[in-house]
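For reference, the structure discussed in these notes is given below.
Quick caveat, the model's predicted, so the values are computed rather than measured.
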Amino acid sequence: MTSEISALIDVGGLLTIDVASELRKLSLAQLQGPWQLPSELVRRALRDGATQVEVDLGRHRAEVRDNGRGVPEAHLEWTGVLLDRRRTNEERHAALTALEATGELVLLMLAGLEPRTLQIRSARGGRVVCLAYQRGRTPWMTIDATPESDSTVVVVQHAELDKTRAAEWLAGAARFAPARVLVDGRPLDVGFQHTF
């Protein structure tokens, strides 16, 4: 009788992790809302050795440019897998685990918050790799061997990316940044320079 029941129930399927749910949970545990994404991208750039980070904020949109080491190609591939709902649960779970293991939490957040559009352009080691995503479409990547200085550009659109809240959060989060951070062309106040 037990073997008949197990033949009817996919036991392996019951134990499978719902990757979309896990991604949302990870993202929501790290962020109060999508308006924190620009500051997390700035933190990532600073960890990557950037000496200058520029952030442009618009209506439901943020663009973050930096001169850090760039995002490794494999990390962009894993991010693309997470954004692609047509990939198998096993592939998406492997990508989630790989990004988590490398400390790429902001890439997990970008995928988990399901942006309207996302573009990541990474110049690293003489190659330029671009990941592009638009909700409802399959993400795509392009690779160019044109040599240029290491850098990263991330452009994200999300309905809940509030410009005012993002700017306020950035002002607090990047106050003691070890590099120059510009928001909409103006440098953030650094440290205690405007205190008595």
Side-chain angles (χ1 to χ4, degrees), residues 27 30-80 98-113 115 117-133 141-158 161-196:
S27 301
Q30 302 291 324
L31 300 174
Q32 291 180 25
W35 61 88
Q36 283 182 257
L37 283 171
S39 64
E40 293 304 318
L41 288 165
V42 169
R43 283 189 182 139
R44 189 205 176 283
L46 296 175
R47 278 195 312 273
D48 238 17
T51 57
Q52 178 156 317
V53 186
E54 299 174 48
V55 181
D56 292 328
L57 299 171
R59 188 164 191 260
H60 310 303
R61 179 184 185 279
E63 179 172 340
V64 180
R65 300 177 301 277
D66 71 72
N67 63 353
R69 288 186 294 275
V71 182
E73 186 176 331
H75 298 192
L76 292 177
E77 288 172 356
W78 296 330
T79 305
L99 281 174
E100 204 171 18
T102 59
E104 289 281 18
L105 294 181
V106 72
L107 296 180
L108 283 173
M109 293 173 202
L110 286 167
L113 290 173
T117 64
L118 174 65
Q119 297 169 357
I120 304 174
R121 182 182 190 280
S122 173
R124 181 181 170 102
R127 286 164 59 95
V128 178
V129 181
C130 298
L131 169 66
Y133 167 77
M141 283 182 60
T142 58
I143 300 169
D144 187 359
T146 305
E148 61 179 76
S149 300
D150 290 357
S151 63
T152 305
V153 179
V154 179
V155 182
V156 59
Q157 286 186 307
H158 193 287
L161 211 165
D162 181 83
K163 178 178 178 173
T164 304
R165 291 178 92 175
E168 289 170 357
W169 194 270
L170 260 167
R175 188 165 184 80
F176 297 98
R180 185 174 159 90
V181 179
L182 295 101
V183 178
D184 294 329
R186 294 188 312 270
L188 287 178
D189 288 341
V190 178
F192 296 108
Q193 93 183 31
H194 291 297
T195 59
F196 291 112

Report task. Under the side-chain contact (heavy atoms from CB on, under 4.5 Å) rule, what do I143 and R127 come out as? Steps first, then yes or no, please. Result -> CA-CA 7 Å; I143 300 169; R127 286 164 59 95; 3.3 Å; yes

Query raised in the report: Looking at A179 and A50, what are the two nearest heavy atoms and their distance?
Result: CB-O, 3.4 Å

Query - Shortest non-hydrogen separation from V156 to P115 and the atoms involved - result: CG2-CB, 3.7 Å

Report task. Say whether, by atom type as modelled, one donor and one acceptor occur between the side chain of D150 and the main chain of G70 under 3.5 angstrom. Result -> no

Query raised in the report: Is there a side-chain contact between T102 and L107 (heavy atoms, below 4.5 Å)?
Result: no

Requested in this report: Hey, could you give me the CD1/CG distance between I120 and L131, rounded to the nearest 0.5 Å?
Outcome: 5.0 Å

Query raised in the report: Is there a side-chain contact between L110 and L41 (heavy atoms, below 4.5 Å)?
Result: yes

**Report entry** pair K163-D184: side-chain heavy atoms closer than 4.5 Å
**Finding:** yes

Query raised in the report: Any side-chain heavy atom of Q119 sitting closer than 4.5 Å to one from V153?
Result: no

Report task. Using a 4.5 Å cut-off on heavy atoms from C-beta on, say whether the side chain of P72 contacts that of R124. Result -> yes

Report summary line: Between the CG atom in L108 and the OG1 atom in T79, the distance rounded to the nearest 0.5 Å is 7.5 Å

**Report entry** Shortest non-hydrogen contact from L113 toward L37
**Finding:** CD1-CD1, 3.9 Å

Requested in this report: Please determine if R61 and D56 form a salt bridge, counting it only when a charged side-chain N lies under 4.0 Å from a carboxylate O.
Outcome: no

Query raised in the report: Step by step, would you call V155 with R121 a side-chain contact (heavy atoms from CB on, under 4.5 Å)?
Result: CA-CA 9 Å; V155 182; R121 182 182 190 280; over 6 Å; no

Query raised in the report: In chain order, what residues pass the side chain to side chain donor-acceptor pair (under 3.5 Å) check against R44, with sequence neighbours excluded?
Result: D48, E104

Query raised in the report: If you look at every heavy atom in R43 and A173, which pair is closest and at what distance?
Result: NH2-CB, 3.6 Å

Report task. Compare every heavy atom of W169 with every heavy atom of S39, then report the nearest pair and how far apart it is. Result -> OG-CD1, 3.0 Å

Query - Spacing of CG belonging to L170 relative to CG belonging to L182, to within rounding of 0.5 Å - result: 11.5 Å

Requested in this report: Show your reasoning for whether side-chain contact (heavy atoms from CB on, under 4.5 Å) applies to E148 and V128.
Outcome: CA-CA 8 Å; E148 61 179 76; V128 178; 3.6 Å; yes

Requested in this report: Applying side-chain contact (heavy atoms from CB on, under 4.5 Å) between P38 and each of V53, V183, V55, report the one that passes.
Outcome: V55

Report task. Begin with the C-alpha distance, continue with both residues' side-chain angles, and end with the deciding distance and a verdict on side-chain contact (heavy atoms from CB on, under 4.5 Å) for V154 and L118. Result -> CA-CA 7 Å; V154 179; L118 174 65; 4.0 Å; yes

Requested in this report: Would you give the length of the straight line joining atom CZ of R180 to atom CD of Q52, rounded to the nearest 0.5 angstrom?
Outcome: 5.5 Å

**Report entry** Pairwise distance NE2(H60) to CD(Q157) - rounded to 0.5 angstrom
**Finding:** 9.5 Å

Query raised in the report: How long is the span from the CD atom in E73 to the NE2 atom in H75, to the nearest 0.5 Å?
Result: 11.0 Å

Query raised in the report: So does E168 pair up with R165, basic N to acidic O under 4.0 Å?
Result: no

Query raised in the report: Do L46 and P178 come close enough that some side-chain heavy atom pair is under 4.5 Å?
Result: yes

